[in-house]
Amino acid sequence: VACLSSILLGYDIGVMSGAIVYMQRDLSLSKWGEEFIISSLSFFSIIGALFGGQISAMYGRKKTILVASILFFVGSLVMVMTTNFALIVFGRIILGIATGIGLLIAPLYTAELSPHAMRGMLVALAEISINVGLVLGYVISYAFYYIHDDDKAWRIMVGLGCVPSIFLFLGMLVLPESPRWLIEHNRIEDTDVVESAVSEKVQEIQQSIKLEKREGQATWSEILLPCVYRPSLILKRALIVGCGIAFFQQSTGVDAVTYYTPLIFRELGLDDKGILLCTIFVGCFKLFFIFIAMALLDRVGRRPLLLLSSALQMLVLCGYVISFLVPSSAVVGVVLQCAYVSAFSIGWGPICWVMISEIFPLQIRSRAMAVATTINRLTAGLVAMFFLSIQKVLTPVGTWLLFAILSALSLLFVYRFVPETKNKTLEQITSSLMYGPGTGARMMT
């Protein structure tokens, strides 16, 4: 149920790639207007992530998801009920804030309720949900290809986003609060703790909280400016891993590939119908490999899949460079797109959200996740906004070579800093950050 917020994000990205065409014709949008409507989602999701972390820490995970569902509904409704550009942008801003909250809270809530042996698979549902929504958005865009009423087409496409938000709100009304949040706020006797069927003992969670308190209560200053305020050893190690993973997930160009897939296919000579069909095909390919990752997460582990994903991305991005140096066909372009999203989806796609929901100690988990999500969304927005400009400056060869270098750096980062968290409780992960990991990467002292 919590992952419905991720479906809403994916659907919005997918459906807007088609809806913006109808909006441009219906509302006579300028290029600047189109770019602002599309990019505003990523940038305003930063606000949602930061506020969502604070709301989640103060009022609980469940109430935060309920707030996100209301914002998703209101944002979609505002957009479809007006022809005024300013109000449409206002609706997109609301959706952006809801997106930031949803990206933060869905993996957080899922991780805190999941048995440790299945946590990776269950948290990976957030990434699967994003891509289910993405493919659904692509399919809806293709279905409206034959509709010639621009005004009706884009309003229905955007308005359909209200439906999952209703189910999200109703579903969360019957789900429990996170037991870890309840215990942290001294509500041990709350019946939700029993109903949640959490796999770890209450005593273990309390012991972890005592360990964190012994290290000292982290402040926003320590989380946002760790180089200046010198946070505790636990927090320093967790911030390096969590924020590094959040950055590298987006810095290797996945949003450039996602947002500009239609443009890339058009440059390869495909017509509009062919572009839509190939885009759906690439989206399905990506979804298939996320399911594979989901099956392997709690068996193989997070760290090996991240290393594999980085290596494969680097090789495929080098293939992009070669394809620009040597004349190639549209088939090669489609194969490279499928190979890249597969390499991303087998590791970085789902594992980013799994790791940042696991790595941070309980007392600062929601706030630190807010910072990591902000870094992720900011990187995504910058890549999406400046991708075309970077291509003009560096040429396509230089741009994809830059992404390949960043993939190589992500591989080194995982090898050096990222520990294995498979089959560990969240409290055991916190202890390993304090006393040193039992397996996986070496942690800095």
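Note that CG of Leu95 and CG of Leu41 are 6.5 Å apart. Values are rounded to the nearest 0.5 Å. Atom CD1 of residue Ile351 and atom OG1 of residue Thr421 lie 9.0 Å apart, to the nearest 0.5 angstrom. Rounding to the nearest 0.5 Å gives a distance of 6.0 Å between CD1 of Ile346 and CG of Leu296. With values rounded to the nearest 0.5 angstrom, Ile105 atom CD1 is found 9.5 Å from Thr373 atom OG1. Rounding to the nearest 0.5 Å places CG of Leu411 at 9.5 Å from CG of Leu306. Going from atom CG of Leu104 over to atom OG of Ser45 covers 11.0 Å, rounded to the nearest 0.5 Å.
Side chain of Ser357 to backbone of Val354: a donor-acceptor contact under 3.5 angstrom is found. Formation of a donor-acceptor pair under 3.5 Å by the Thr399 side chain with backbone atoms of Leu394 is not found in this model. Without hydrogens or angle criteria, Ser309 side chain to Leu305 main chain gives no donor-acceptor distance under 3.5 Å. A donor-acceptor contact shorter than 3.5 Å is absent between the side chain of Gln250 and the backbone of Val383. Side-chain N or O atoms of Glu420 include none that pairs as donor or acceptor with a backbone N or O of Gly301 at under 3.5 Å. Judged by distance alone, the side chain of Glu177 and the main-chain N or O of Lys62 form a donor-acceptor pair under 3.5 Å.
The minimum heavy-atom distance between Tyr11 and Gly161, with the atom names listed, is CE2-N, 3.9 Å. Annotation for Ser345 and Lys286: closest pair OG-CG, 2.9 Å, computed over non-hydrogen atoms. Scanning all heavy atoms of the two residues, the minimum distance from Leu406 to Ser251 falls at CD1-O, 3.1 Å. Scanning both residues, Arg303 and Val414, for their nearest heavy atoms gives NH1-O, 2.8 Å. Across every non-hydrogen atom of Thr374 and Ala49, the tightest pair is OG1-CB, 3.8 Å. The two atoms that bring Thr64 and Ile55 nearest to each other are OG1-CG2, 3.5 Å, heavy atoms only.
Residues Glu358 and Arg302 are paired through a salt bridge, judged by an N-O separation under 4.0 Å between the basic side chain and the carboxylate.
Residue pairs that meet the salt bridge (Lys or Arg N to Asp or Glu O under 4.0 Å) test with at least one member in residues 91-101, sequence neighbours left out, are Asp12-Arg92.
Between Phe73 and Phe169, the ring center distance fails the sub-6.0 Å criterion. A ring-centre distance under 6.0 Å is found for Tyr320 and Trp400.
Trp348 and Ser310 are linked by a side-chain donor-acceptor pair at a separation below 3.5 angstrom, with hydrogens and angles left out of the test.
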Using the side-chain contact (heavy atoms from CB on, under 4.5 Å) rule, take Ile128 and Phe291 through it: C-alpha gap first, then chi angles, then the decisive distance, then the call. CA-CA 7 Å; Ile128 288 176; Phe291 275 109; 3.9 Å; yes

Please report the C-alpha distance between Leu401 and Leu317 in whole Å, then the side-chain angles of each, then the deciding distance to 0.1 Å, and finally whether the side-chain contact (heavy atoms from CB on, under 4.5 Å) criterion is met. CA-CA 7 Å; Leu401 183 60; Leu317 288 165; over 6 Å; no

Under the side-chain contact (heavy atoms from CB on, under 4.5 Å) rule, what do Tyr22 and Met157 come out as? Steps first, then yes or no, please. CA-CA 10 Å; Tyr22 299 108; Met157 292 165 75; 3.9 Å; yes

If you apply the rule side-chain contact (heavy atoms from CB on, under 4.5 Å), what do you find for Phe344 with Leu312, and how did you get there? CA-CA 8 Å; Phe344 175 81; Leu312 291 176; over 6 Å; no

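Considering only heavy atoms from C-beta on, Ser407 stays 4.5 Å or farther from Phe248 through its side chain. For the pair Cys352 and Asn376, the minimum side-chain heavy-atom distance is below 4.5 Å. A 4.5 Å side-chain heavy-atom check between Met23 and Met79 finds at least one atom pair inside the cut-off. With contacts defined as side-chain heavy-atom distances shorter than 4.5 Å, the pair Gln337/Phe285 does not qualify. Considering only heavy atoms from C-beta on, Tyr109 stays 4.5 Å or farther from Ser56 through its side chain. The shortest distance between side-chain heavy atoms of Trp353 and Leu103 falls below 4.5 Å. Side-chain contact between Phe413 and Ile240 is present, with heavy atoms from C-beta onward closer than 4.5 Å. In this structure the side chain of Ile292 reaches within 4.5 angstrom of the side chain of Phe288, judged on heavy atoms.
In this structure Thr99 satisfies the side chain to side chain donor-acceptor pair (under 3.5 Å) test with no other residue, sequence neighbours excluded. Residues that satisfy the side chain to side chain contact (heavy atoms under 4.5 Å, CB included) test with Phe44, not counting sequence neighbours, are Ser40, Ile47, Ile93.
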